[in-house]
Structure formats: C-alpha cells, structure tokens
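In what follows, a structure is listed as structure tokens, so that the remarks can point back to it.
Because the structure is predicted, anything quoted here is derived from the model rather than measured.
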Amino acid sequence: MGEIAGAGQTLAKAWMAAAGLMRQSGIARPELDARLLLCHAAVIDHETFVARPDQALAPELMTRFGALVESRLRGVPVSRLVGLREFYGRSFVINDDTLDPRPDTETLIEAALAVVDVGGPRNRALRLMDLGTGTGCILITLLAELPRAIGIGVDRSAAALALARENAQRLGVADRAQFVAGDWLAGIGDGACDMILANPPYIETAEIAALAPEVRDHDPFMALDGGEDGLDAYRQIAARAGSVLQKGGKLIVEIGSEQADAVPALFRAHGLDVDHDNCARRDLAGLPRCIVASS
C-alpha cells in the first residue's frame, strides 16, 4: 500500500489514493468503499470526514487503513471488513457465521408491513417467526416497526443465534425476541404464529461456484445452498407452514428471481393460498423477489 502510505497522511489524500486503487481494480463503488473503510480505520463518522479533509492520520491508523484496502482489493466485502451492514435504516453487526443482509431483502420487510397495514393498525399484538434468522435483521426490523409484536428467530447455527441476540439487544427489541435452535419448522407447534418470514437458501448447488466472489467466498455455504433445484428449504417450510400459522396467517419468503412460478406452485401444492395474478413482489431492480402466501 505504498500509494496510500505516501499520500501525505491526511484523510482526503488517503481516501483519494485508496479510491484510485479500487477503481483500477474494477470495484463498483470505489469512492464510497474507500470512505467507509477510512472512517472505520480512523474511528470517525462521515461528518468528520467531510468537515476535516486535511486532518492528519497517525501512522498506526494509516497501517490499519492500508490493510483494509488490501483486503477490499482481494474481494472481501466492505461490510465484512467493518463488521456492520445497514438494513432498513438500522446497523446490524455481521460476522462470518451469517449471511450478509442485502437491500433485496428489504422487499420482504415492505411486503410484511403492507400485510400488517391491510389487517389493522401496526400497534396491535402479532406473533412473528423468522426462519433461518442469521443476523436477525428481518425479525428485529419488524419488531422495531411493530411495537406490540413478539417474535421467534430460528436458526441451525448457534453462532448465528448468538449474533442475532446481540443485534436484538443493541437495537432495543430483546425483550420481545427469542432466538432458538431449530431446522425450519420442525418441532414448532400448530397455530404458533400469525406470520412466518424467511430468506432461505435458494441457489442451486451447481450454480454456487459461478456466484460473485464477494458472495461465494464470504457468505456461509449453508446460507446459499438451496439443493439441486434451489427449492429444498421451500419444501420443508411449505410442509408445515399451514399448520404452524393461525388460520389466515401469512407466509412471506424471499425467492430467487427465476423462482416466481416454482415457489408459488409448491406452496399451493401444500394447501397454501397464493394470489395467481399478483403473487410476486418485485425488488428495486424490478425482479421478482418475495412471495406472500396465506394459510
């Protein structure tokens, strides 16, 4: 990182040098990534970065920043390097044990809130269940938006559950959230909740090797692998969802953009009701991203 070390050791010069290296490497948002890593390394916020571009950086901070830039140039996502991901306006701690939450999944949050709004005020009592909770971002976000809701996050990974509990505590909803070890809906009692949510693994096993390195090399394999046809998790969820939900309860799942026909068909085959004309909610790119089904 000689280019950065020789940049005069100010915020602005270090940022410009790092952004130049990232641009040369083909990184999509070099200026943003460089700023986020610099603020993290220097332990400053965005406002300080803007207000004090000529602030000098101590040698140890330059060394730390250089190491972060090197990792980014090797393809490590910024969120993995700083240990945080912004999701629906809140910052979630992430680590190697969890899927990195992405903006596409906010489509599921919007769908869930739309369902709640149709049924009445947001401050009514609701019971939620988040399958494959990971960081807890789906459940925690909805508990923050729905002040009288309670919820359970289910995951097979003890490390993920520990992180979800930490995020719930940080974001002020720990008193309304439980996180339990489990395998989708196995062992969950009938009529246990009003809404089931999930962002299950949906990548076909054979397609994982072709994913972008930032995903393939850094997200947990079990959070990506949907089996031979990408539908393994949906089958397990569909088999029990109708029983676990209260009558008229909602199952809301994220899907791959090519699964807008297969997942609804699978759900209907298990007795769930899916609107034929408007079954898939679309993400910001206009791709099918979320299915809402009813018990």
Check ion pair Glu214-Arg72 (N to O, under 4.0 angstrom): yes
Identify whether the distance between the nearest side-chain nitrogen and carboxylate oxygen of Arg240 and Asp190 falls below 4.0 Å. yes
Check this for me: Gln169, atom CD, are more than 12 non-hydrogen atoms of other residues, nucleotides or ligands nearer than 6.0 Å? no
Answer yes or no: are there more than 12 heavy-atom neighbours, outside Glu60 itself, under 6.0 Å from its atom CD? yes
For residues Ser71 and Arg74, is any side-chain donor paired with an opposing acceptor at under 3.5 Å? yes
Please say whether more than 12 non-hydrogen atoms of neighbouring residues, nucleotides or ligands are located less than 6.0 Å from CZ in Arg124. yes
Consider side chain to side chain contact (heavy atoms under 4.5 Å, CB included). Of Leu142, Leu139, Leu131, which one does Leu197 pass it with? Leu142
Taking everything shown except Asp229 itself, do over 12 heavy atoms lie less than 6.0 Å from its CG? yes
Can Asp33 and Arg23 be counted as an ion pair, charged N to O under 4.0 angstrom? no
Sidechain-backbone polar pair: Arg281 side chain, Val292 backbone, donor-acceptor under 3.5 Å: no
Would you kindly say whether Thr10 and Asp54 are connected by a side-chain donor-acceptor distance under 3.5 Å? no
Within the side chain of Gln259, is there an N or O that forms a donor-acceptor pair under 3.5 Å with the backbone of Tyr202? yes
Please check if the number of heavy atoms outside Arg29 that lie under 6.0 Å from its CZ is greater than 12. no
Step by step, work out the side-chain contact (heavy atoms from CB on, under 4.5 Å) result for Ser294 and Leu272. CA-CA 6 Å; Ser294 302; Leu272 296 165; over 6 Å; no
Spacing of CG belonging to Asp117 relative to CZ belonging to Arg122, to within rounding of 0.5 Å: 4.0 Å
Below 30° counts as parallel, above 60° as perpendicular, anything between as tilted: where do the rings of Trp15 and Phe49 land? perpendicular
Taking atom CD of Glu86 as the centre, report whether more than 12 heavy atoms of other residues, nucleotides or ligands fall under 6.0 Å from it. yes
Have Ser79 and Asp100 got a donor and an acceptor in their side chains that come within less than 3.5 Å? yes
